[in-house]
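To start, the structure under review is shown below, and the notes come after it.
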Amino acid sequence: MSNVNMEATNILPILKKKLAFLSGGKDRRSGLILTIPLSSDQTSMEELSATLDYLLSIPSEKCKARGFTVIVDGRKSQWNIVKTVVLMLQNVIPAEVSLVCVVKPDEFWDKKVTHFCFWKEKDRLGFEVILVSANKLTRYIEPCQLTDDFGGSLDYDHSDWLNKRLVFEKFTKESTSLLDELSIINEGDKSSSVDKDKYAEWLFIPLSAGHELLSELQQRRFNGPAWCPMEEELLAQPQVMKLLDSLREQYTRYQELCRQRNKRTQLDEIHAKVMQVVTWLQGPGSELLKTQQAIGDSMRAAQALQQKHEEIESQHSEWFAVYVELNQQIAALLSTGEEEEVAELKALQQQLSDVCYRQAAQLESRQNVLQAAQGFHSTTQELSQQLDGLLGMLCADVAPADGASIQQNLKLLEEKLQTVEAGLASVRQKGALVLEQMCSQPSWSLEETESPPGDPQDNVQQIQSVMEEMQLRKQRYVCSRCEDMVDVRRLKMLQMVQLFKCEEDALQAVEWLGELLDALLKTHVRLGDDSQETRTMLDKHRKFVDVAQSTYDYGRQLLQATVVLCQSLRCTTRSSGDTLPRLNRVWKQFSVSAEERQQRLELALNFHTAAERVRSLHLTYLCKLKSLDEVDSSGKTLLDRLTTPIIFPDGSEQYFGSPSDTAAAAEGVREPLMKLDSSPPPTCPP
């Protein structure tokens, strides 16, 4: 990298005047072309000298060794100024100049030139000077290496070149400064703290500028119509690339240094946080748990203890969250740490885990004890309420409205008894669970010599005392007193169930008897077409009456049983008192109707028997006459009975069947009578 003694920013106003410039063109010897465009105004030699010094500091030594071709454009200037500039080149860059081409006006300097022949001064000047017209300049330099001012095709933008020089120098200056600072840091104390983000921000600016500059140079190199001096010799693309590589290298070392220092800082922070967690859990956290050992003497007290425990858990959860975070950080460091760091981290992780797990076990055990205690107190309270409810039920009068209600009460009594037994068993089970949880609590550290408040032995005695009290209460109120009351109540309820059942069955018997009466009056009308059929109907009628008699007797027995049960239960008013009169009334109506039906069937049987006897050929004359009288008499009597209503004991009347049924039955009697009347009278034997 060439030494840059001057900066463009220091002479920026002079450089903007474009007193001289390196266009990027080359002569036939590959030497750079330096152009000095003289103007009609008076040119400051000091400013021109400063410009030349700056321009000559840009190319590398290798490039300078190939020499410069200087084009002094004097077409707009005076001869004495041109001569002064040429002579000044001897003092500024005598060794680097190979050829000076003075571009003259077409018709101006001919006489004056004869007074000063540059070619005769070659040895004294150290370089060759030629006077040439602009159109003949291509004899010495290729047109593609000349700018359009001299009829060439080389593009040159002085403002663009100057801007790139400013960017390049700024990049070089900032990068060099940053490299020096990074080198000092990287070679300094490894344990001192560094700000990684700070240098990352500082590095971003030169890196971004360098990459942008390099991108422009490379793009111009491959896309431009001709070679551009800003890519290698003039803008020193290799310098940009080398600076970028150096920046990346130093920053990589800097990042590694930051990583190591940050890891040490992170280890120290983790160690401090671990000790903070351990100190709190073994100190204030343990003291909070030790002060909470009671289980309460009621459900409300146990709930208050549970609420206090939840507050303690909430305080612990904050530290457990820190533990989880620390554990994750340690696990991440273990995967990338060195052997010494891994050993330190594992020791911290083990210490932290031991303390946290031990404290979590104490919290969980305390939670289990409180939950078991709440279950025990809740079950005890429920059992007490169940015992009170059972006693209240046994002491209350039982006056249900029907059998379903009394059965429901009886079922409820049995359920309450079973519930009490189940509740007592549950109290024993929950009490045993509390004792088990208290016995399984993890012990505190061996250094603990004093027993914490709320000795577990006191809790054990409390649980056992409650269990014994509930057992004695159950035995005292249920076994000795309530069991007798339960037996009496159960017997009374069973009797009431039986009473309701008898009443229901008695009502059913009344309904059945009424249905038999209704069937007798409505369907038992026919009297039979002959003696055989009538005799069969008479037998069925007797069986029908027997069924009704059994139903009546069954109803009487049920009503007698209700009387006995009412006397036993001391029930003075029962609905069954109306059932007996109804039963007797229906039975009397049925008896009257059945008797009438039987008499009609017996008359019909006599009628058909006599009629059949008349029709018999074996009777004597006297016997037939007698039978005819009997048939006529019984038939008329039967017809009269068919039209006669049944008179019930209460005076009401009722007919068998409908009028059409009665007419059909009467027709069955008249038809045989008419046949007998139309037959010839019996003749007396000689």
Does a donor on one side chain sit under 3.5 Å from an acceptor on the other, for [X] and [Y]?
X: N606; Y: E602; value: no
X: Q549; Y: D553; value: yes
X: Q508; Y: E504; value: no

Student check: side-chain heavy atoms of [X] and [Y] closer than 4.5 Å:
X: F656; Y: I646; result: yes
X: Q532; Y: R535; result: yes
X: M537; Y: E533; result: yes
X: Q374; Y: H377; result: no
X: S593; Y: F648; result: yes
X: V324; Y: Q328; result: yes
X: R542; Y: Q598; result: yes
X: Q589; Y: D650; result: yes

Exercise for review: With side-chain contact (heavy atoms from CB on, under 4.5 Å) as the test, would you mind laying out the steps for R582 and L513 before giving the verdict?
Suggested key: CA-CA 10 Å; R582 290 176 56 195; L513 196 58; over 6 Å; no
Return yes if some donor-acceptor pair links the side-chain N/O of [X] with the main-chain N/O of [Y] below 3.5 Å, else return no.
X: T534; Y: L527; result: yes
X: T380; Y: F376; result: yes
X: S550; Y: D546; result: yes
X: Q362; Y: L289; result: no
X: T643; Y: D640; result: yes
X: S353; Y: Q349; result: yes
X: N327; Y: Y323; result: no
X: S314; Y: E310; result: no
X: S378; Y: G375; result: no

Straight-line distance of [X] [atom1] to [Y] [atom2], nearest 0.5 Å:
X: T644; Y: L639; atom1: OG1; atom2: CG; answer: 10.5 Å
X: L352; Y: K273; atom1: CG; atom2: NZ; answer: 12.0 Å
X: W512; Y: Y554; atom1: CH2; atom2: OH; answer: 6.5 Å
X: L516; Y: E511; atom1: CG; atom2: CD; answer: 12.0 Å
X: R597; Y: L521; atom1: CZ; atom2: CG; answer: 10.5 Å
X: L638; Y: L605; atom1: CG; atom2: CG; answer: 11.0 Å

Looking only at non-hydrogen atoms, find the nearest pair between [X] and [Y] and report the distance.
X: V592; Y: P649; answer: CG2-CD, 4.1 Å
X: S426; Y: T379; answer: OG-CG2, 3.3 Å
X: P645; Y: E653; answer: CG-OE1, 3.8 Å
X: D529; Y: H608; answer: O-CE1, 3.4 Å
X: L288; Y: I312; answer: O-CD1, 3.7 Å
X: A594; Y: L520; answer: N-CD2, 3.6 Å

Check your understanding: Mind checking whether H316 and F320 have parallel, tilted or perpendicular rings, split at 30° and 60°?
Key ->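 Tilted, since the angle between the ring planes falls between 30° and 60°.
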**Study point:** H524 and H541 aromatic ring geometry - parallel, tilted or perpendicular at 30°/60° bounds
**Key:**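 Plane angle over 60°, so perpendicular.
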Practice item. Check V274, L281, T279 against V277 for a side-chain contact (heavy atoms from CB on, under 4.5 Å) and give me the one that passes. Key: L281
Exercise for review: For Q367, enumerate each residue passing the side-chain contact (heavy atoms from CB on, under 4.5 Å) test, keeping only those at least two apart in sequence or located in another chain.
Suggested key: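 Per chain and number, Q367 pairs via side-chain contact (heavy atoms from CB on, under 4.5 Å) with Q306, H309, E313, Q371.
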**Study point:** Pair R556-N584, side-chain contact (heavy atoms from CB on, under 4.5 Å): steps then yes or no
**Key:** CA-CA 9 Å; R556 291 280 298 183; N584 290 331; 3.6 Å; yes
